[in-house]
**Q** 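Below are the structure tokens for one structure; questions will follow.
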Amino acid sequence: MQGTDFYEQILGLTGPWFVADVQLDMEAQQVDVFVEHGEGETFCCPDCDRQLPCYDHTKSRQWRHLDTMQFATILHARTPRVKCPDHGVKQIRLPWAEKNSRFSLFFERFAIDVLLATQTVKGACSILGISWDESWHILQKAVARGKDRKQSKNLPRIGIDEKAFRKRHNYVTLIYDLDKSTVEAISDGHDTAAADACFDQLSDSEKQSVEAVAMDMSAAYVKSTKGNIALAEQKIVHDRFHIMKLATEAVDKVRRSEQKKLRAEGDDRLTGTRYLWLSGQENLSEKQQERFDAAWKAELLTGKAWAYKEMLRDLWVHDTPAEATTFFNDWYKRVIHTKLEPMKKVARTIKERLANVVSYCTHGITNAVAEGMNSKIMAIKRRVGGYRNRDNFKTAILFYCGGLDLYPQ
Ligand SMILES: [Zn+2]
């Protein structure tokens, strides 16, 4: 078949390589491209780059290339070997594929684009016409390549957070770059050792560049951060969203116990009001707003707890830690004299770590990035239908959220 020049251009081949033959198999919908090199050429030893004559060849091998005109395109070649005085007999590096890959570089680059665009391994398989294992292998290699190339950078604002894998009790800990929205480290578990293992994945200069760390109020993460980051006490910011979540949960606890009591007395004023207390006012429909107002006017404990929760939002509007502290102390005094035990517990928890809550005024960070990334990770997990095991899950997170340079050269 004609078209050898055409395929040389498509493959980007330059001397000493040329396309010796192209065969079209109509039945198999396949184009076979046979690549050879000129006589008397020299090649580099892969270990020392010394120019050496061809010693012999391997058996003919195949590489899947990008389809041409909807035909699966297969490259065929025998890889030359050189005999280096220092390194012995070695296969040379081929310009169209990475060592041991069954795909050409063009194909791998395209596969990475497809994996990123479809966000599912399965979806990529059907577009690329390759198996799940082959797609997964390309993804895995891309992550390994990206990790190898990763260079130390500045990480002024980071977040540390946990993420449940499958059911509860099966966690990974993640460190995020809050400025670039990337996952910088992952480890198994969510205790101090897990956080330490994450920090170990950062270089010393990266750790030194950290100015602020957002996190929930877990003692394990505080302890680990203090052990890994200098002057951590001034840098830790307990995340606003985690704290507001605690306060919202406290409102719900108050509602549940009050509801139980009222029901026993045949009072159903709180029945069906859960959503009203837990969602933001701005999310309520007109009808829901009416119901909320009625429940609110009933002067129940739940309404009181809700009001304290709403008041707490203002903790994050102050300009200085001193002003925020004054605000909190006032809020604390009011809450602590009530009978709202769950809310009092939240107040005490915040008080204990107050310096690292009001540090928000200095650093202005939250784990909102982490929360956003969380939903991205959840979506990836759902669409792929589980990653078989936790290691695969971690690899996929780095592929989609690691900000890595994934492509082969
Ligand atoms: Zn050599």
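Worth saying up front: this structure is predicted, and the values here are computed from it rather than measured. Every number for a ligand or one of its atoms is a count from 1 in the order of the listing.
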**Q** Give the C-alpha distance, both sets of side-chain angles, the deciding distance and a yes or no for side chain to side chain contact (heavy atoms under 4.5 Å, CB included) between F399 and T395.
**A** CA-CA 6 Å; F399 183 80; T395 302; 5.6 Å; no
**Q** Taking atom types as modelled and ignoring hydrogens, do the side chains of T182 and E184 form a donor-acceptor contact shorter than 3.5 angstrom?
**A** yes
**Q** Below 2.8 Å, which protein N, O or S atoms neighbour the Zn ion (ligand 1), ignoring water?
**A** C45 SG, C48 SG, C84 SG, H87 ND1
**Q** Would H65 and T73 satisfy side-chain hydrogen bond (donor to acceptor under 3.5 Å, both in side chains), going step by step from the backbone distance to the final call?
**A** CA-CA 5 Å; H65 188 65; T73 303; over 6 Å; no
**Q** Pairing donors with acceptors under 3.5 angstrom, does anything connect the side chains of S101 and E108?
**A** yes
**Q** Can you confirm whether more than 12 heavy atoms, excluding those of H137, are under 6.0 Å from its NE2 atom?
**A** no
**Q** Can you give me the closest heavy-atom contact between W296 and A307, atom names plus distance?
**A** CH2-CB, 3.8 Å
